[in-house]
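Let me begin by presenting the structure, written as structure tokens, before commenting on it.
In this text, all values refer to a predicted model and were calculated from it rather than measured experimentally. Reminder, nothing fancy here: chain letters follow the sequence lines and each chain counts from 1.
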There are 2 protein chains.
Amino acid sequence: MLTDRQLFILQAIVDGYIHSAEPVGSRSLSKQSGMSYSPATLRNEMADLEEMGFLEKPHSSSGRIPSERGYRHYVDHLLLPHQLSSREIHDLRSLFARKVMETEQVVKQSATILSELTSYASIVLGPEIFESKLKQVQIIPLNDRTAVAILVTDTGHVENHTVSLPEALKSSDLEKIANILNDRLRGVPLYQLQNKITTEVAGLLRQHVTNYREALSFTEETLQKSSEEKVYYGGKANLLSQPEFKDVDKVRMIFELLEEDHTMHELLKPEQSGLMIRIGQENANQAFEDCSIISASYSFNGNPVGTISIVGPTRMEYPRVIGLIEHLSRDLSKVLTNLYTDLY
Amino acid sequence: MLTDRQLFILQAIVDGYIHSAEPVGSRSLSKQSGMSYSPATLRNEMADLEEMGFLEKPHSSSGRIPSERGYRHYVDHLLLPHQLSSREIHDLRSLFARKVMETEQVVKQSATILSELTSYASIVLGPEIFESKLKQVQIIPLNDRTAVAILVTDTGHVENHTVSLPEALKSSDLEKIANILNDRLRGVPLYQLQNKITTEVAGLLRQHVTNYREALSFTEETLQKSSEEKVYYGGKANLLSQPEFKDVDKVRMIFELLEEDHTMHELLKPEQSGLMIRIGQENANQAFEDCSIISASYSFNGNPVGTISIVGPTRMEYPRVIGLIEHLSRDLSKVLTNLYTDLY
DNA sequence: TTTAGCACTCGGATATCCGGAGTGCTAACA
DNA sequence: TGTTAGCACTCCGGATATCCGAGTGCTAAA
């Protein structure tokens, strides 16, 4: 495998390229502080590293840049843990400073702050409310045709939508329906609500409400979960400052993809918990072939419910981004869990 | 002023440039169908139009392009009303097809559809809930430290946030507080809520709740309006297909501005109702100097509560965009008003 | 007043040149 | 045997020159 010296040189080249965006040549590398080898020696080692697939040359007489494999090795074996600056820590903390907060706000802000700190683009998913349990249902008639249905979960999430009100249902019926739902469905995970309508609710409705048919379909509408996937973006414009994205056509593909919330959700949804790093082609997506994506999930009560991610060029400041993302995902998990978990 | 012939030529040049993005020369203009003048004649007229400031030349021996004044004149006096295609009408209608809907969803989708139909970028400002009136307050404790406060308005908007629960307040206190608020504040416009706390609510709290101090500050938190401005974007990536935005630096400024929700809100908030067209420098913003913005407000019960806008290059398909925007803003206003207005 | 003719302009595409940073290879050296 | 100096070679990128074509303004004729 690789000698220590080769590892050292690989690391120096990746670091150098990450910061300069220019291919690294033997001469400039040799002049770098801490590098005690002559250009010729370095050239030999660099040729070997290239042969093994860790480096490549944009053209035959240029310096070396890391290949994807080079980055991968760097990320897996050479990464120095990054110490967050106090500025960074302070900025992350500020997210949770407010007393009154909406989870949605916090998550949205996370995206913004993350992109500001990294100067890459950030994508934050979630939190998923799939598994959270119904706490309360409210049906509030606004006028004779329209009502608002509100579902509150144990995670403090409030889901609401406007439903049309069948003429046949009187307001006393609405109250009965709401009572039945609260009675029978409290504690039921949202994804089971539709099931429970037939198994538990339908019978009761038939018994207690005159217009059974309207009541049932109204109930179904009321409990309909918004299938909306929550995807928040921050700092997409940052990508335009990166030298690798000077070409509009390349960047257009990326931006188009970044507007497809559904695709992005599929790409980033929290599967395994922990950190995930995808470099270049590993993204299995044409548009991201020059990008790396680093993501981490955050969790509520130990279950991953969302992810925070950074998209940047493959030439990304991996150590710093990883440090930030890990820190923030821990904080997010902690705050969510603290806020919404029963202590007893 | 301008002769009929000059108007006709100006119109032909603007139309031509809008569709080709290339400066229009006398020769090609003369060959255009319906144009019965020789290149030389056109050159004379074009020189006159340039002297009057309606046209300009990118360089001394190129064809003409419209100046901002030229576009302005085109928009104000030459615009042919555009007939929407049935495809366009169908797409717009699909927005309102669902039975269960959230206003927020509809508004968000408007942005997407608008940008797809125009292939420019769209910005939609959400319905302001400033003036809408409180319908109901709910306080739902989640655990011993946290509660969810829910405000429902007569426009079907549901505002919610997580508030921390002072230990001193028992759940019976919460109920009392909720009752007082519902009793006293129903029908009060949201922007007056904070006022009413001191004038109406504080006294009652002192009478009925033991821990007056905590109760009061808790109430204030409960009624805090989220100062969030709702700004939705669609199809920003479309801008990258426009030939005038091939230069990344130019486009970066635009994208950065488009990420500042607050600035965009200031720029586009519904002041006068009706259509607004801002061409190039009229936007009074460096980043938008090569853009035009067309916006129209939509209203609820006759009050403008939001706007829908299109951002594109100054070389924009004004007739089509105006047609689409006017149509959609009318539809939006109609639907909102129908859904949430009492008939009696 | 309109048009044809003509000399002129300028941008953009293409070709050519040149310097510099970098490489690989060979041979000398520790 | 591993390291280093030397050298010829490569290739990119910027600068310069050239050419072509679309378009213009002006003048003079219709």
* Could you check which of D/dT4, D/dT24, C/dT3 has an atom nearest any side-chain atom of A/Thr41? => D/dT4
* Could you state the CD1-P distance from B/Ile13 to D/dG23, rounded to the nearest angstrom? -> 12 Å
* To do: Compute whether any side-chain donor of one residue and acceptor of the other, for B/Tyr318 and B/Ser292, lie under 3.5 angstrom apart.
  => yes
List every contact pair, protein side and nucleotides 10-18 of chain C side both N or O, where the distance is under 3.5 Å.
from, atom 1, to, atom 2, distance (Å)
C/dC10, O4', B/Ser61, OG, 3.2

* Just wondering, are more than 12 heavy atoms of other shown residues or ligands nearer than 6.0 Å to CG in A/Asp76? -> yes
* Intermediate values then yes/no, side chain to side chain contact (heavy atoms under 4.5 Å, CB included), B/Phe54 and B/Arg72 -> CA-CA 9 Å; B/Phe54 294 103; B/Arg72 174 48 69 192; over 6 Å; no
* With no hydrogens and no angle check, is any side-chain donor or acceptor of B/Glu256 less than 3.5 Å from a backbone partner on A/Ala237? -> no
* Asked: Roughly how many Å is it from CG in B/Leu55 to P in D/dG25, rounded to a whole number?
  -> 11 Å
* Between D/dG25, C/dA4, C/dG22, which nucleotide gets closest to the side-chain atoms of A/Ser28? -> C/dG22
* Asked: Roughly how many Å is it from NZ in B/Lys31 to C1' in D/dG23, rounded to a whole number?
  -> 12 Å
* Asked: Atom CD of B/Gln6 to atom C1' of C/dT1: distance rounded to whole Å?
  -> 14 Å
* **Closest to the B/Asn44 side chain, choosing from C/dT3, C/dG24, D/dG23** => C/dT3
* **Below 4.0 Å: OP1/OP2 of D/dT24 and any side-chain N or O of B/Arg64** => yes
* To do: Tell me whether the OP1 or OP2 atom of D/dG25 has a side-chain N or O from B/Lys57 closer than 4.0 Å.
  => yes
* Structure fact -> Note: for A/Ser62 and B/Ala40 on DNA chain C, the residue whose nearest nucleotide lies more 5' is B/Ala40
* Inspect the surroundings of NZ in B/Lys57 and state if more than 12 heavy atoms from other residues, nucleotides or ligands are less than 6.0 Å away. => yes
* Gap between atoms CD and P, on B/Glu50 and D/dC26 respectively (whole Å) -> 11 Å
* Separation between CE of A/Met253 and SG of A/Cys291, rounded to the nearest 0.5 Å -> 9.5 Å
* **Rounded interatomic separation in angstrom, taking CG from A/Asp4 and C1' from D/dG2** => 17 Å
* Asked: Whole-Å distance between D/dA5 P and A/Leu42 CG?
  -> 12 Å
* To do: Let me know the distance between CG of B/Leu29 and C1' of D/dG23, rounded to the nearest Å.
  => 13 Å
* Asked: Of all the nucleotides listed (C/dT3, D/dG23, C/dG22), which has the minimum atom distance to the side chain of B/Arg27?
  -> D/dG23
* To do: Check whether any side-chain nitrogen or oxygen of B/Arg5 sits under 4.0 Å from OP1 or OP2 of C/dT2, and answer yes or no.
  => yes
* Phosphate contact (C/dA4 OP1 or OP2) by B/Arg43 side-chain N/O below 4.0 Å -> no
* To do: List the steps and the verdict of side chain to side chain contact (heavy atoms under 4.5 Å, CB included) for B/Leu258 and B/Leu239.
  => CA-CA 12 Å; B/Leu258 286 179; B/Leu239 294 180; 4.2 Å; yes
